[in-house]
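See structure below.
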2 protein chains.
Amino acid sequence: MTFCYDYARPAVTTDIAVFTIQDQRLAVLLIQRGGEPFAGHWALPGGFVEADETLEACALRELAEETGIQGVWLEQLYTFGNPERDPRDRVISVAYFALVPMASLNPRAGSDAQDARWFFIDDLPELAFDHRDILDLAQHRLRAKLDYSTVAFSFMNETFTLGELQTVYEIVRGETLDKRNFRKFVKSLNLVEDAGATRRNGTHKPARLYRLIQPGHLHYIR
Amino acid sequence: MTFCYDYARPAVTTDIAVFTIQDQRLAVLLIQRGGEPFAGHWALPGGFVEADETLEACALRELAEETGIQGVWLEQLYTFGNPERDPRDRVISVAYFALVPMASLNPRAGSDAQDARWFFIDDLPELAFDHRDILDLAQHRLRAKLDYSTVAFSFMNETFTLGELQTVYEIVRGETLDKRNFRKFVKSLNLVEDAGATRRNGTHKPARLYRLIQPGHLHYIR
DNA sequence: ACAAAAGTGTTCTCGATACACCCATGC
DNA sequence: GCATGGGTGTATCGAGAACACTTTTGT
């Protein structure tokens, strides 16, 4: 079956940059492409928009199909439409980005993907298409959003220590922060509560655990 | 001639929200649609992406064709992809927004448009498609951008008074500002210089004229 | 005992806010 | 002379930055 139109139409895809924190470093989820073009290259998960699904539904579906990851919060990033970005054909890609808790999700390869795994953001392989540009923009947006929203909490597990949270801020911003100022800042947000437990985690004082008062909510600050 | 593909493809358009300031109010450029659907309704200028043009080039071309406006600075806003947003067919629209100097451009109707003119943002007709949503988002983004960039200067003519600039801020933010604090703020940016002239403008003291030191540059502040 | 991360307050600086009067012009 | 917008300075407040020591645990 073929689909015919009076004018040329571009193909439309979504691509998704999923970030997490691993080993105290920022990591992104990539798949290894099974088919041409760029067979064997690493790329962002994503794929073609189907006739009756929203762009966000497409992104969620492709993410689940190619990596097994489900139910993440997505934000639209930018739409890439350079006519040369796909060597085969005119393809316009609506890019999304997402953050998932530290090391919580084990990706597995799915359809169209030979493999799916986390890469550190500062140690990436060569990427297919313009996915490197997409990733750079996503990282830029993530850094900016840290300053005026509570995105960083999306990286946290259900309970977490303030030290872990501070590490996330330090990793994304690429600079160290003062511990006392950081804790003052977090407490002034009034978004976390004491989870009533501590975690022993090595040869030092146990850390108090906190949880979000409204899990899943993104807040705008400043 | 027809174009055939193995899978269904959406049509892709760009739509552009062009803002200006008129009579101390925020205004947006709309066209009256000539053809179906929504014939006779007012809508944002825009149209289908051609095979070999970038999304931004498409937006600029459609804007010129439909309204005669050329050479404006565009920023990508958001991509609207709800499958129901166009009653005919699946159409995905990449929305852009732009700011042009106060009352500087006289739109004229062009192809596919019976008419093109400015509407005050708080006195809009019923709009075609989901263009009301696009406009609401554009206005929201404009307001937000005022706080961390110098977008407001895009509304200004080559020379302008600080009173005019303050009025722009007041219109977009919807609140009055203190004159002394505002002037202190503008001067602290170090982005404007004295144009060495004044403008008589009614029954009061003439106002000093300023100009941008780097015209056309958008700066990020804060 | 010692190494290693957890936890805790005060001072200072700077940008943002609040606020009131004189000036130059047209009528 | 009076109405109208142009133009100017100072005091206050609050958020962000700088900064050092004690606590608890594992080995």
Side-chain angles (χ1 to χ4, degrees), chain A residues 21 23-24 102 143-144 146-150 152 156-157 159-211 219-222, chain B residues 21 23-24 102 144 146-150 152 156-157 159-171 173-211 219-222:
Chain A
I21 303 281
D23 299 334
Q24 317 267 80
M102 314 170 90
R143 232 191 295 257
L146 211 64
D147 283 335
Y148 63 88
S149 80
T150 56
M156 308 316 292
N157 298 314
T159 63
F160 53 88
T161 70
L162 296 186
E164 287 170 340
L165 185 60
Q166 179 172 346
T167 301
V168 168
Y169 272 83
E170 289 176 339
I171 291 168
V172 176
R173 312 226 325 209
E175 61 183 3
T176 59
L177 299 172
D178 179 83
K179 203 199 305 185
R180 283 165 294 185
N181 292 337
F182 181 77
R183 296 165 100 88
K184 215 185 310 174
F185 159 71
V186 173
K187 286 173 179 167
S188 76
L189 295 175
N190 287 320
L191 297 174
V192 299
E193 62 186 4
D194 192 330
T198 57
R199 180 195 293 158
R200 276 185 303 274
N201 192 32
T203 168
H204 55 80
K205 181 172 176 176
R208 184 162 295 280
L209 289 169
Y210 292 84
R211 73 164 74 86
H219 293 263
Y220 292 87
I221 56 184
R222 269 172 258 252
Chain B
I21 304 280
D23 299 334
Q24 318 265 82
M102 313 170 92
L146 210 64
D147 283 335
Y148 63 86
S149 81
T150 56
M156 308 317 292
N157 297 314
T159 63
F160 53 87
T161 70
L162 296 186
E164 288 171 339
L165 185 60
Q166 181 173 346
T167 301
V168 168
Y169 272 83
E170 290 176 338
I171 290 167
R173 310 224 329 207
E175 61 183 4
T176 60
L177 299 172
D178 180 84
K179 204 200 300 185
R180 283 166 293 186
N181 291 339
F182 181 77
R183 296 166 101 89
K184 215 185 311 174
F185 159 71
V186 173
K187 287 173 178 166
S188 76
L189 295 175
N190 288 318
L191 297 174
V192 299
E193 61 187 5
D194 192 331
T198 57
R199 179 195 295 158
R200 277 186 302 275
N201 192 31
T203 168
H204 54 78
K205 180 172 175 176
R208 185 162 293 280
L209 289 169
Y210 293 84
R211 75 164 74 85
H219 294 264
Y220 291 87
I221 56 186
R222 266 170 256 253

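For DNA chain C, the contact window with chain A, defined by any atom under 4.0 Å from a protein heavy atom, covers C/dA3 to C/dT10 in 5' to 3' order.
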| query | Run the side-chain contact (heavy atoms from CB on, under 4.5 Å) check on B/Lys184 and B/Asn181 step by step: do they pass? | reply | CA-CA 5 Å; B/Lys184 215 185 311 174; B/Asn181 291 339; 3.5 Å; yes
| Does the pair B/Leu189 and B/His219 meet the rule for a side-chain contact (heavy atoms from CB on, under 4.5 Å), with working shown? | CA-CA 10 Å; B/Leu189 295 175; B/His219 294 264; over 6 Å; no
| task | I would like to know whether B/Lys179 and B/Leu162 meet side-chain contact (heavy atoms from CB on, under 4.5 Å); could you show each step before the answer? | result | CA-CA 9 Å; B/Lys179 204 200 300 185; B/Leu162 296 186; over 6 Å; no
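The 5' end of DNA chain D is approached more closely, in terms of each residue's nearest nucleotide, by B/His204 than by the other of B/His204 and B/Tyr210. Remark on DNA chain C: of its neighbouring residues B/Lys205 and A/Arg208, the 5'-side contact belongs to A/Arg208, judged by nearest-heavy-atom nucleotide. Judged by closest nucleotide on DNA chain D, B/Glu164 is the one of B/Glu164 and B/Arg180 placed further toward the 5' end. Place A/Asn181 and A/Thr203 on DNA chain C by their nearest nucleotides, and A/Thr203 ends up nearer the 5' end.
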For residues 201-209 of chain B, dump all side-chain donor-acceptor pairs below 3.5 Å to protein atoms at least two apart in sequence or in another chain.
| residue | atom | partner | partner atom | Å |
| --- | --- | --- | --- | --- |
| B/His204 | NE2 | B/Asn201 | O | 3.4 |
| B/Arg208 | NH1 | B/Asp194 | OD2 | 2.8 |

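Residues from residues 195-202 of chain B lying near DNA chain C, meaning a heavy-atom separation below 4.0 Å, are B/Arg200, B/Gly202 in numerical order. Contacts between residues 168-179 of chain A and DNA chain D, defined by a heavy-atom separation below 4.0 Å, involve A/Asp178, listed by number.
Note that CD of B/Gln166 and OG1 of B/Thr176 are 8.5 Å apart. Values are rounded to the nearest 0.5 Å. Taking CG of B/Leu191 as the reference point, atom OH of B/Tyr210 lies at 13.5 Å (rounded to 0.5 Å). Separating the OG1 atom in A/Thr150 from the CG atom in A/Leu165 is a distance of 10.0 Å, to the nearest 0.5 Å. How far CD1 of B/Ile171 is from CG of B/Asp23: 9.5 Å, rounded to the nearest 0.5 Å.
Taking both residues in full, the closest heavy atoms of A/Met102 and A/Asn157 are given as O-OD1, 3.7 Å, listed atom of the first, atom of the second, then distance.
Panel note: side chain B/Arg211, backbone B/Glu193; no donor-acceptor pair is recorded below 3.5 Å. Of the possible donor and acceptor atoms, one in the side chain of B/Glu170 sits under 3.5 Å from a partner among the backbone N and O of B/Leu177.
Between A/Phe185 atom CZ and D/dA15 atom C1' the separation is 12 Å, expressed in whole Å.
The aromatic rings of A/Tyr169 and A/Phe185 lie perpendicular to each other, with more than 60° between the two planes, well past the 30° mark.
Across the helix from C/dA1-D/dT27 to C/dC27-D/dG1, the helix axis at one end is tilted relative to the axis at the other end by 0° (nearest 10 degrees, each axis from five pairs).
Applying the salt bridge (Lys or Arg N to Asp or Glu O under 4.0 Å) criterion to B/Arg199, with sequence neighbours excluded, gives B/Glu164.
Close to D/dG9, at under 4.0 Å from its OP1 or OP2, lies no side-chain N or O of B/Lys187.
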